[in-house]
Amino acid sequence: MPDATRRLPASAFAYRDGELCVEGVALARIAEAVGTPFYCYSAGRLRERARALKAALGPLGVDIHFAMKANGNQAVLALFAAEGIGADIVSGGELARALAAGIPPGHVVFSGVGKTAGEIDAALAAGIHQINVESFEELHLVETLAAARGIVAEVALRINPDVDAETHAKITTGKKDNKFGIDVDRLARLDNELKALAHVRVVGLAIHIGSQIMSAGPFLAAYRTLLAAADTLKARGVPLTRLDLGGGFGIPYENELEFSFADLAGAIRETVAGKGYALAVEPGRSLVADAGVLVSRVAFVKDAGHMQFAVLDAAMNDLVRPAMYEAHHDIVPVRAPAAGAVPVEYDVVGPICESSDTFARRLKLAPLAAGDLVVLATAGAYGATMSSTYNGRALIPEVMVDGDRFAVVRRRVEIAEQIGWDSVPDFIAAPKTPDASA
Ligand SMILES: *Cc1c(COP(=O)(O)O)cnc(C)c1O
């Protein structure tokens with residue numbers, strides 16, 4: 001049997017008296033209090049990741065904006081704000097969430113390929129640090145909106161460096177054929193157009209080449225391209241002062257080697273550091289993924305004769321990554337298996353009416369029984385934020401543990417409340433009551 005706890009960082013997760021604990025709190029106790037399934041985050045581990053990145057990049061003067069699409073919970077954002085970390089946002093909704101959590105507008109960067117006029121205007125009104133613009137069409141929209149407000153907007157242009165991030169096709173973003181960024185060669189020919197803008201100051205260039213990148217190699221190549229493009233534009237009189245190095249730093253989910261923040265610092269030192277630009281990164285996953293788990297209860301162990309299914313009460317609507325990206329999450333029992341327990345092979349599935357609602361196939365685990373608790377590891381990133389109510393299911397709670405305390409940081413949104421989100425218009429006949437037809 002593989003070491004079941006290998007993907008749970010030891011600083012935050014450990015068995016005590018045979019019960020899996022997050023810091024000082026037994027997961028079984030939280031399950032008792034809030035019901036299952038639920039997400040659970042370790043505040044200590046979140047701080048540990050934030051501080052590790054700051055320790056690696058701080059000496060190079062690199063500022064950090066957390067890409068909050070990985071985890072937008074207010075408690076997580078407030079924790080990072082207290083660590084001096086800002087936000088990288090991709091929508092007006094995330095802008096509102098970041099500001100509500102106490103992240104200063106001056107520490108917010110707005111990325112995204114399809115910003116609406118309303119979203120851009122809200123960002124200008126809030127006075128955020130920088131808008132990362134992805135096309136000339138968007139640049140002209142920012143110009144118009146900033147002119148209407150009588151202000152000058154500071155923007156960075158996201159370039160497409162045409163590098164292969166060596167990751168899953170659905171999360172690569174830095175190839176020419178991806179929808180993201182501006183082609184570098186086109187950009188260099190448009191210096192006069194950039195200088196002619198009266199209400200937009202192009203202060204920098206930005207990149208983001210993809211997600212779950214496991215080595216510094218692709219970053220080295222991308223940062224070199226970024227620096228060359230910036231130097232070219234600067235030589236043509238566009239006064240660039242900032243480089244945004246993007247995010248995408250990977251996390252081991254299975255057998256991958258750890259992505260090293262020290263190697264990242266090395267790639268930055270070797271390319272863009274000390275070249276007269278203010279530097280920033282936009283990590284999402286790498287700050288939050290392994291600080292979070294999804295806790296679920298086994299609903300049934302179904303004996304299908306030729307194989308065994310462990311049917312959980314969590315499903316693809318709660319954690320979509322396995323169904324969407326064929327992603328792996330280690331599955332770990334909350335009660336430590338008895339010594340010498342003989343492993344059984346399970347397909348671990350959710351209750352949703354799709355075969356894609358599968359968390360693991362042919363996984364060897366100590367024998368499970370209905371009612372047992374399990375955790376899906378490394379679920380702190382792109383878990384809760386990608387959840388839905390598919391199959392008429394509740395939005396599940398998020399819990400944060402800090403030392404020996406825990407708190408529900410998002411309550412469960414039950415179906416009664418969700419029904420209230422809908423309305424039936426007058427032109428749809430209401431069912432007649434027996435009285436009305438009499
Ligand atoms: C998603 C995204 C990030 C963060 O990616 P991670 O893989 O979670 O680090 C950073 N910048 C932009 C523009 C993004 O879209």
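In each ligand, atom 1 is the first atom listed, and ligand 1 is the first ligand listed.
Annotation: side-chain hydrogen bond (donor to acceptor under 3.5 Å, both in side chains) contacts involving residues 142-152, sequence neighbours excluded, comprise D121-R149. Listed by first and then second residue, the side-chain hydrogen bond (donor to acceptor under 3.5 Å, both in side chains) pairs involving residues 96-106 amount to none (not counting sequence neighbours).
Using modelled atom types, one finds no donor on one side chain facing an acceptor on the other under 3.5 Å when comparing N317 with S388. With 3.5 Å as the limit, one finds a donor-acceptor pair spanning the side chains of N255 and R6.
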Under 3.5 Å, N/O to N/O: give me all the pairs between ligand 1 and the protein, one per line with atom names and distance.
{"residue": "ligand 1", "atom": "7 (O)", "partner": "S211", "partner atom": "OG", "Å": "2.3"}
{"residue": "ligand 1", "atom": "8 (O)", "partner": "R285", "partner atom": "N", "Å": "2.8"}
{"residue": "ligand 1", "atom": "8 (O)", "partner": "Y382", "partner atom": "OH", "Å": "2.5"}
{"residue": "ligand 1", "atom": "9 (O)", "partner": "G248", "partner atom": "N", "Å": "2.8"}
{"residue": "ligand 1", "atom": "9 (O)", "partner": "G284", "partner atom": "N", "Å": "2.9"}
{"residue": "ligand 1", "atom": "11 (N)", "partner": "H208", "partner atom": "ND1", "Å": "3.4"}
{"residue": "ligand 1", "atom": "11 (N)", "partner": "E282", "partner atom": "OE1", "Å": "2.5"}
{"residue": "ligand 1", "atom": "15 (O)", "partner": "K69", "partner atom": "NZ", "Å": "2.8"}

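A search for ring pair (Phe, Tyr, Trp, His ring centres under 6.0 Å) contacts involving F66 returns F80, not counting sequence neighbours.
Looking at L312 and P37, their side chains never come closer than 4.5 Å, going by heavy atoms from C-beta outward.
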